[in-house]
Protein chains: 2
Amino acid sequence: MLDERKKRVLQAIVEEYIQTAEPVSSNAIMNCEGLECSSATIRNEMAELEKMRYLEKPHTSAGRVPSAKGYRYYVDELLQEDKITLEEIKYISEKLENKVNQIEEITQIASSTISEITHYTTVAIGPNTNEQIIENIRFVLLNSRMMMAVILTDTGLVKETIIKFDEDITENQVQTLSYMFNNKLKGQPITKIDKPLEKYLVDEMSYSVNLIKPIIEQMKKVVEEESIHLEGATRLLELPEFNSLEVAKNFVNILDEKELMADMLNTGFAKDINVYIGEENEKEELKDFSIVTFKHRIGNKDLGTIGIIGPKRMDYAKVISVMKYISKKLNGNDTKKDE
Amino acid sequence: MLDERKKRVLQAIVEEYIQTAEPVSSNAIMNCEGLECSSATIRNEMAELEKMRYLEKPHTSAGRVPSAKGYRYYVDELLQEDKITLEEIKYISEKLENKVNQIEEITQIASSTISEITHYTTVAIGPNTNEQIIENIRFVLLNSRMMMAVILTDTGLVKETIIKFDEDITENQVQTLSYMFNNKLKGQPITKIDKPLEKYLVDEMSYSVNLIKPIIEQMKKVVEEESIHLEGATRLLELPEFNSLEVAKNFVNILDEKELMADMLNTGFAKDINVYIGEENEKEELKDFSIVTFKHRIGNKDLGTIGIIGPKRMDYAKVISVMKYISKKLNGNDTKKDE
DNA sequence: TTTTAGCACTCGATTATGTCGTTTGCTAAT
DNA sequence: ATTAGCAAACGACATAATCGAGTGCTAAAA
């Protein structure tokens, strides 16, 4: 356990470093509130905090920098969560009240709003489609060889896709197909759209393969697509830690790895808001970054995940306040209730 | 007019510089084919080419670098267009034969294929929707307050959108709406979906505003959206000219400017393949880049544009060969005919 | 007249050297 | 327990020195 003054010193160092990105000297924080003592005293405290691994020194004659442990302590114990302004609250409300027609859109709007306010990069992924239950399927004949399939799920997700055939189809065929598919799939998990169903329809119900195969394949494809949406990808490049070309490239490459991003957003959701600091990230590539995530859900239905990625010295207080607010707004707001 | 040896020298310098990104010395090209003379002779030729503005010198004791004029001459007169390999041809064929269901998809596939083969960044934009003629409109009731609208155009473009209402709607209403919209819009340019139509339907045909307004607004919105698709955005960062953080950031920012990208792809289509070298670009921001574009079209119908963006010393021979090949494949291939 | 060998000169890149300022850690006094 | 004072550490920055690739010119050779 840290005594009161050590807490103050740690907090001051973390906050100063978050702001300046420069190692923090004993002088720099001497005048912080709650620290009315000389720089020498602070140096002693700093030496002890370093021994306890809350702080690190880039080299002998530099100031101190928080370690991952230091940030962690700060996030868990010291940070104040009211770092969201009235303007920001207003801005968020405006953004989220925009009428949207697709459930995925609201996640993206939330994501981009967070990026705008915090100036970090955000990632939004759509709901895990595997968990969805089919509520309804519509087939629409577009022309003699094209049909559109629309899948509605219990969470309000709408997936549509165009299906092309090698032979002409009729309005009548579409009708019976529609009936058939709804009959088999209504109330079923979306994963049922798969080979076995194709086999059943062809073998048992003696539909033509040429008809069924493209439908199943295309529907399966569109249902499995995962949507990843990046926002403010270039924002981090403005930060001083990305002044080295190496680091900048590394970051850009990370963003390119869709897989990694998806994985990153899908690890552990113990709490409402999840914070991973530097080495706490499972992925080696992310050890220089911090990540904060939350899930957009109604009840226990997953509607998508939003994550923010920034430097280890990210402004946790701000980020967490904003994300908590938006999370509440999204997850509380079920359909109605403004402001 | 350049004499034969000057052409050889210019060509050698351009090609060497394209490969190495280093100023080319008289020694370096001494042994190129067609240049069996001493470095001193080459130096004299280089001095003259510089006087004629085909070459530039970064500083006194460095080799030469092609000017925009030099590149232009190379592209127009010297470049050999057979720099596409059999493997590449095969790879392109495979990619393009993938069944796609959306006309826009094929443009994107072509775009990403080009990026993969050339290692530059490519941009694809969808067709100019304004020019499209409406062939058919379908309305599908999804649930009591949601409808999907599907618009088919003469070029095979399919645009769909979800429309939400504040009041319940019935299958019947959807039917009459469908009839009405098709009646008014079939054969009309897509730009007719606009305020005047809304006004007409509400005022003259006495439909409810609550019904018509969301439909028109949403359809208008989806029709006007321009799709811009980037591929290989980070590829250029590997090139030596992007080793300076300044340039790299600048490049990333350019890619961020969707407007700029769209503009860039929409300037002048005098030829099949259009090449803009450095300062030839209208936009100030692009003066350090070269851009090669072509239009995907069937007959005189615009189906989208594909552009490649790279350094001024881009491998024009390769890029142009590849783009010519793909362009022919896309624009020739109307629907059928494999290989 | 054209080509080429030879050579002085230019100039950026790289490396070495020196100086400065910040910050620490320790000691001794408070 | 705190603090003033001071030597030592060390990166950052500026300056100087060196190196070498490449040119342009001159004069000789073809």
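Below, chains carry the letters A, B, ... as their sequence lines are ordered, and counting in each starts from 1. All heavy atoms count here, side chains included; hydrogens, waters and symmetry mates do not.
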Please report the distance, rounded to the nearest Å, between CD1 in B:Ile42 and P in C:dT3. 11 Å
Indicate yes or no: does A:Glu282 engage A:Lys287 in a salt bridge with an N to O separation below 4.0 Å. no
With a 4.0 Å cutoff (strictly under), does any side-chain N or O of B:Thr41 reach OP1 or OP2 of C:dT4? yes
Is the phosphate of D:dT2 approached by A:Arg5 (side-chain N or O, under 4.0 Å from OP1 or OP2)? yes
For the side chain of B:Ser61 and the base of C:dT10, is some donor closer than 3.5 Å to an acceptor across the two? yes
Closest to the side chain of B:Cys37, out of C:dG25, D:dT23, C:dT4, is C:dT4
Hey, is A:Glu280 close enough to A:Arg72 for a salt bridge, meaning N to O under 4.0 Å? yes
Non-hydrogen side-chain atoms of A:Lys249 and B:Glu238 separated by less than 4.5 Å: yes
Measure CG/B:Asn44 against C1'/C:dA5 and give the value in whole Å, please. 12 Å
Rounded to whole Å, the CD1-C1' distance (A:Ile29 to C:dT23) equals 13 Å
Taken to the nearest whole Å, CD/A:Glu22 to C1'/C:dT24 is 17 Å
Residue A:Met46, side-chain atoms from C-beta onward, closest of D:dG24, C:dT24, D:dA4: C:dT24
If I take atom NE2 in residue A:His59 and atom P in nucleotide D:dC10, what distance separates them, rounded to the nearest angstrom? 9 Å
First of B:Gly63 and B:Ala40 reached from the 5' end of DNA chain D, by closest nucleotide: B:Gly63
Would you please confirm or rule out a distance under 4.0 Å between OP1 or OP2 of C:dC11 and any side-chain N or O of B:Lys57? no
Just call it for A:Asn27: base, sugar-phosphate, or nothing, with non-hydrogen atoms closer than 4.0 Å on any strand. nothing
Nearest-angstrom distance from the residue atom CD of B:Glu50 to P of D:dG24: 7 Å
Identify whether the distance between the nearest side-chain nitrogen and carboxylate oxygen of B:Glu241 and B:Arg313 falls below 4.0 Å. yes
CG of B:Leu49 versus C1' of D:dT23: gap in Å, rounded? 15 Å
Flag yes if more than 12 heavy atoms outside B:Glu36 fall under 6.0 Å of its CD atom; otherwise flag no. yes
At under 4.0 Å, does any side-chain N or O of B:Thr60 touch on OP1 or OP2 of C:dC9? no
A:Ser39 near the nucleic acid: base, sugar-phosphate alone, or nothing, with a heavy-atom cut-off under 4.0 Å? nothing
Nearest whole Å is fine: how far is D:dA7 C1' from A:Arg43 CZ? 13 Å
